[in-house]
Every structure is written in C-alpha cells, then in structure tokens.
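Single-structure report; data block below.
Naming convention: chains lettered A, B, ... in sequence-line order (proteins, then strands); numbering from 1 in each chain.
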Amino acid sequence: MQQQDLILGNKTMTSEQTHAETVAAPGRAGDRIFRRLTAFFALSILAILLLMIWQMTRESLPSITAFGGKFLTGSEWDAVQEEFGALPFLFGSVISSVLAILLATPLSVATALLITEIVPHRLGSAIASLVELLAAIPSVIYGLWGVLVMAPWLQRSVQPWLVDHFGFLPFFEGAPYGVSMMAGVLILAVMIVPIITAISREVLLAVPRSQREAAVALGATRWEAIRIAVLPYGKSGILGAVILGLGRAIGETMAVTMVIGNTPQISWSLLSPAYTMPSVIANEFAETTAKIHTAALMEIGLILLAVTLLINILARLLIWSVTKGQKQGAA
Amino acid sequence: MNAKVSLENMSVHFGGNHAVKSVNLDFPANSVTAIIGPSGCGKSTLLRSINRMHDLVPTARVSGRITLDGKDIYGAGVDPVSIRRTIGMVFQKPNPFPAMSIHDNVVAGYKLNNTLKRSEADEIVESSLRRVALWDEVKDRLKSSAMDLSGGQQQRLCIARTIAVQPEVILMDEPCSALDPIATLKIEELVEELKEQYTVIIVTHNMQQAARVSDSTAFMYMGEMVESGPTKKIFTNPEMKQTEDYITGRFG
C-alpha cells in the first residue's frame with residue numbers, strides 16, 4: 001500500500017518535472033529576465049530616495065556644521081549677515097497644514113457622505129466628478145485666484161470683521177493684510193478637499209450593504225445608520241485619507257507661496273503673514289550667492305523631507321493602532 | 001388564531017420585474033411561520049416588505065396591503081423607522097458591527113431611541129444575551145470585539161441585538177445558511193423559545209428546518225403563494241401537486 005503510494009508519488013513528480021521541462025524551459029529565461037527587470041526598477045526607486053537624502057545631506061553640511069541644533073530653534077533668517085534659523089518656516093508649514101486639515105476634513109467627509117449615502121447614485125457620481133475636477137486645477141491657478149480674489153476679499157470683509165469682534169483673541173490680532181496665514185490655510189484646505197473626498201468616497205462605498213441593513217433593521221434613521229454602521233466601519237480608511245491630505249498640504253508650494261505673505265516670523269495671529277518651508281526654498285534658491293545660504297535651503301529641504309516621513313510614519317502607527325485596537329478588542 | 005401580520009393581495013415590483021404576485025397570507029401571533037420555496041421564488045423579497053426594507057431600494061414598489069395588528073404599515077403617515085423597531089430582522093449572514101464590542105452591539109439598536117444609564121445597559125445586555133443562550137459564553141469578554149466570535153455566536157449576537165429593541169415580530173432571512181450544523185441547531189432551539197414572546201417569520205430553503213421549527217408553512221414558487229397551512233399538513237398531506245413535488249425533492 002505504502003509502496004504503491006510512493007510509486008504513485010514518484011510518478012506524479014516525474015510527470016511534473018517533464019511537464020516543467022517541456023513547457024517552461026523556453027519561458028524560464030523570460031521569467032528570469034522579467035524578475036531581474038522588475039527588481040531593478042523597484043530598487044532604483046529606493047536608490048533614488050537614498051541618493052537624494054545623501055546628496056541633500058552633503059549639500060547642507062556647511063549649514064549643519066555652522067549652526068547645529070540652533071538651525072531648528074533659531075528664528076533669524078538673514079542672508080546678508082549669513083544668520084539662518086528655520087523655525088519660522090517649520091512653524092508656518094506645520095500650522096498652515098494642520099489648520100487646513102481641520103477645515104478640510106469635515107467638509108470632505110460630509111461631501112463623501114452626501115455622494116454615497118444621501119443623493120441618488122447618478123447625481124452622486126456627477127458631484128464626485130466635479131469634486132475630482134478640483135484636483136485637476138494647477139496649483140498656480142489656485143494661487144492666482146487666491147492672491148487676486150480671495151486675499152483682497154479677506155482684507156476688505158472677513159478680516160476687519162474678525163478684528164472688530166474677536167480682536168481681543170491673540171489669533172485675530174493686528175492689521176488685516178489679506179495675504180496671511182489665514183489665506184494660506186484657506187487655499188490649502190480647498191486644494192486638499194478633492195483628495196480627502198475621493199478617498200473617503202471609496203472607503204464609504206466599500207462599506208458592505210449588510211452593515212447598513214443591520215442598522216436600518218434596528219430602526220435607525222438614515223443619519224443614525226451612518227453614525228453607528230457606516231462611519232465606524234470606514235474609520236481607519238478615512239483616517240488614511242486625512243493623512244494623505246496632510247502630506248499633500250505640507251508639501252504644497254506654489255499656491256501657498258502666492259498667498260501666505262512670505263514673512264519669516266512666528267505669530268499666533270491668523271491675520272499676520274507667515275512663511276513655509278517649500279515657499280522659502282522656491283523663493284530664494286535662484287538668488288543665493290553665498291554657499292552657506294544654499295546649504296541652509298538644502299537643510300530646510302532635508303527637514304521638509306524628514307517631516308513628511310515623520311507624518312507618514314505617524315499615520316501608519318495611527319491606522320495600525322486603530323485596526324489593532326479592533327482586533328485586540330476582539331481577543 | 002388572530003393574525004399578527006397579514007398580507008392582502010400584496011405584490012412587489014422591481015422596475016418591470018414582478019417579484020411577488022398578489023400574495024394573501026396571515027401570520028398568527030406567537031407562532032413560527034416558515035416560508036419555503038426554491039431560490040429566486042420571492043420569499044426573501046416578501047419577507048423584506050414586511051419591515052419596509054424595500055424603502056432603501058429606489059426601484060422597488062410594494063402594492064396591496066400589509067397590516068400589523070390590523071393597521072396598514074404602508075399607510076399614509078406611518079413612519080418606517082417605527083415599523084422597523086416593532087418588526088425586527090435577522091439576516092442571512094451574521095452582520096454584527098465590527099467596530100463595536102459585544103456589549104455595544106447588543107444595545108446598538110436600543111440606544112437609538114433611549115438614553116441609557118450604565119446599569120440599565122448592563123441589564124439589557126445580560127437579559128438579551130441570556131435569551132439567546134450566549135451569556136455564559138461571552139460574559140467574561142463583553143468588552144471585546146464582536147468579530148472574535150464564531151459565526152454561530154455572531155448570529156446569536158445579532159438576534160440578541162434584535163430582541164434588545166423589544167420588537168413584537170422577528171423576521172429571519174435564512175438565518176442558518178452561513179452556519180455549521182451545530183450552530184444551526186442552537187439557532188433552531190432559540191427560534192422555538194422566541195415564539196413564546198414574539199411572532200416569528202422565517203425564510204428558509206432547508207425543508208427539514210421548516211418542518212422542525214415552524215407551526216405553519218407557506219410554499220412559494222415563481223413569486224406566487226402556492227399553498228399555506230399547518231406545517232404538519234403541508235409536509236404530510238399537501239393539497240397542491242407543486243408543493244408535494246417540492247417537499248419530496250422532485251424539483252427545487
């Protein structure tokens with residue numbers, strides 16, 4: 001019996017071998033080439049990233065050795081005195097992006113809910129394509145609109161009103177310039193709405209019908225079904241969408257540069273101009289004369305890269321803890 | 001026997017498709033009625049019209065009358081939400097809320113129209129889980145996720161969630177089709193007990209199950225109600241040839 005099995009086993013093995021030899025022999029070289037080719041291209045992406053980090057670090061060495069940790073804490077930025085501190089740019093980037101996310105998230109999630117849960121399917125698709133069209137507008141157009149239309153409007157109507165009524169708060173202190181942190185935040189918020197909306201929509205569409213039905217059969221109204229079944233199911237996906245929006249906001253250059261005022265200062269007032277990391281790089285790169293100035297800009301680029309990586313890692317951890325929390329809750 | 005739910009000349013259309021055709025049927029209170037028939041005969045469609053689930057499907061249209069205690073549930077000014085709180089539903093595949101704990105799943109529906117104190121919630125959770133014979137299995141891990149339960153436990157959790165709302169009628173849409181035989185047996189025992197307090201309507205394509213758990217049985221074919229009556233009679237001495245062919249396994 002056992003012997004027979006063995007023989008049978010042997011037979012199948014040989015037949016498999018011959019099968020592999022006859023059929024796969026010419027394909028094997030192709031497979032090998034294909035595998036090496038994909039590996040080469042995949043690794044080259046990693047290589048480009050590493051090369052970039054290495055190159056940027058090398059170029060920023062003069063600044064790193066000259067200022068050390070003071071580069072991160074200093075707020076003087078003076079090309080003539082060759083005194084460089086990046087804190088105002090770090091501050092401007094982080095604050096503008098975070099505020100933009102706070103503004104854009106409810107807007108985007110509400111839009112995604114409207115598209116998927118409230119309006120009929122066809123109207124929903126139409127709205128979705130319109131929102132996605134927003135993402136196709138070049139950022140310089142946003143900037144142009146921001147500086148020519150939105151900033152003057154802010155200066156004339158919104159900001160004076162805020163100063164009159166809430167001027168006692170540190171956030172609305174000072175003279176209304178129009179171009180300001182506020183303008184930067186608003187333009188960023190508009191720019192990241194499409195990406196957060198589009199991803200949230202995908203996430204919500206992926207919520208199984210059975211989840212909605214479960215809630216409705218318990219006597220949930222439409223809103224209650226969204227609250228107890230749809231949103232909790234899509235929670236981590238929506239979180240991912242928000243983080244992607246944050247990543248986009250922090251790296252956005254052109255539109256922000258045009259409306260934020262480009263003044264390296266740290267102010268808690270939304271009315272005062274600010275400066276972001278991408279903006280200072282874009283503005284000053286062509287005009288550097290001193291080597292240390294170029295190095296300082298390179299170092300800002302390095303910090304920007306680090307911040308972006310940090311955000312992505314944080315996002316992973318956050319999503320991971322949410323999903324793990326669910327599973328751990330299960331254990 | 002007085003009818004808890006009655007269908008009078010009830011039809012369901014999906015666009016141009018006539019899925020349920022002029023059905024007349026009474027569901028007696030405190031008993032189990034099984035609806036059997038081959039796949040696609042319209043039995044689930046019929047069941048879903050009783051708690052107005054078709055309201056979610058834009059192309060669906062229900063005509064005729066469906067009454068609960070003599071009142072038309074599709075009548076003007078009737079709130080479908082309150083109908084669904086009186087007529088609960090258990091689905092084919094267990095569908096607990098994955099982001100909620102076992103405890104929160106049980107009170108998810110109840111919390112919708114009641115503000116709960118903690119102690120009250122705990123009471124409802126315990127009594128509902130005891131009713132579905134799940135309490136002893138989960139009492140030490142009420143805070144853990146519902147997704148960690150087995151399929152059969154999840155289905156009993158869904159039944160607990162449904163009865164926590166204190167409905168009068170419970171609709172079950174092939175509640176055991178995704179479960180193994182032992183879990184199926186537990187659900188069937190539970191159905192027996194539920195009829196003391198609720199009116200149960202169960203759709204099944206498992207004829208043995210219908211024979212085991214139901215007091216009356218209705219046989220549907222191609223959207224029409226072929227025959228209905230006491231389960232014993234339907235399974236031993238059916239009047240229609242079609243019914244006999246189906247229960248003896250000649251088609252379906």
Side-chain angles (χ1 to χ4, degrees), chain A residues 109 113-127 200 203-241 318-331, chain B residues 47-48 50-59 79-114 141-149 157-158 161-167 170-171 173 178:
Chain A
V109 174
L113 282 174
L114 179 88
I115 292 168
T116 55
E117 309 290 321
I118 315 279
V119 299
H121 180 72
R122 259 199 209 156
L123 184 58
S125 307
I127 298 174
S200 301
V203 168
L204 294 175
L205 284 176
V207 175
R209 208 181 126 101
S210 66
Q211 286 289 311
R212 292 183 180 84
E213 285 185 337
V216 169
L218 286 172
T221 61
R222 188 177 281 186
W223 157 242
E224 286 167 340
I226 290 171
R227 184 168 57 82
I228 69 172
V230 177
L231 283 179
Y233 197 94
K235 193 169 53 182
S236 49
I238 292 173
L239 199 66
L318 209 59
I319 292 174
W320 179 69
S321 76
V322 169
T323 44
K324 187 178 139 249
Q326 271 173 24
K327 276 195 199 120
Q328 217 172 38
Chain B
L47 192 76
R48 284 164 165 264
I50 299 173
N51 68 340
R52 295 190 61 166
M53 287 302 276
H54 294 311
D55 289 18
L56 304 181
V57 183
T59 55
D79 180 9
V81 167
S82 72
I83 290 296
R84 295 188 197 113
R85 283 176 186 170
T86 318
I87 306 178
M89 186 164 197
V90 177
F91 295 84
Q92 203 166 351
K93 258 181 70 185
N95 55 357
F97 299 122
M100 291 184 193
S101 66
I102 293 171
H103 176 281
D104 291 351
N105 258 287
V106 177
V107 286
Y110 188 85
K111 258 164 56 179
L112 291 175
N113 49 346
N114 304 280
R141 46 171 174 157
L142 291 171
K143 289 274 166 280
S144 56
S145 162
M147 297 320 284
D148 209 42
L149 300 175
L157 177 65
C158 291
R161 181 175 69 181
T162 302
I163 61 181
V165 186
Q166 292 160 337
I170 298 177
L171 310 176
D173 189 358

*Measure across B/Pro96 and A/Gln211 and return the closest heavy-atom pair with its distance rounded to 0.1 Å.*
O-NE2, 3.0 Å
*asked:* Just to verify, what does B/Val165 make a side-chain contact (heavy atoms from CB on, under 4.5 Å) with, not counting sequence neighbours?
replied: A/Leu218, B/Arg85
*When heavy-atom pairs shorter than 4.5 Å are enumerated against chain A, which of B/Asp79, B/Leu112, B/Val81 gives the highest number?*
B/Leu112
*Sort out for me which of B/Leu56, B/Thr86, B/Asn51 touches chain A most, counting heavy-atom pairs under 4.5 Å.*
B/Leu56
*Top contributor to chain A contacts, counting heavy-atom pairs under 4.5 Å, from B/Arg161, B/Met89, B/Lys93*: B/Arg161
*Closest heavy-atom pair and its distance - B/Asn95, A/Ser210*: ND2-O, 2.9 Å
_Option that, when pairs with chain A are counted at under 4.5 Å, heavy atom only, ranks first among B/Arg52, B/Met100, B/Arg84_ = B/Arg84
_My understanding is that only residues two or more places apart in sequence, or in another chain, count here; which of them pass side-chain contact (heavy atoms from CB on, under 4.5 Å) with B/Gln166?_
B/Tyr110
*asked:* Heavy-atom cut-off 4.5 Å, strictly under: side chain, backbone, both or neither for B/Phe97 against chain A?
replied: both
*Side chain, backbone, both or neither: which part of A/Arg227 has a heavy atom under 4.5 Å from chain B?*
side chain
*Kindly compute the distance separating CD (A/Glu213) from CD (B/Gln92), expressed to the nearest 0.5 Å.*
10.5 Å
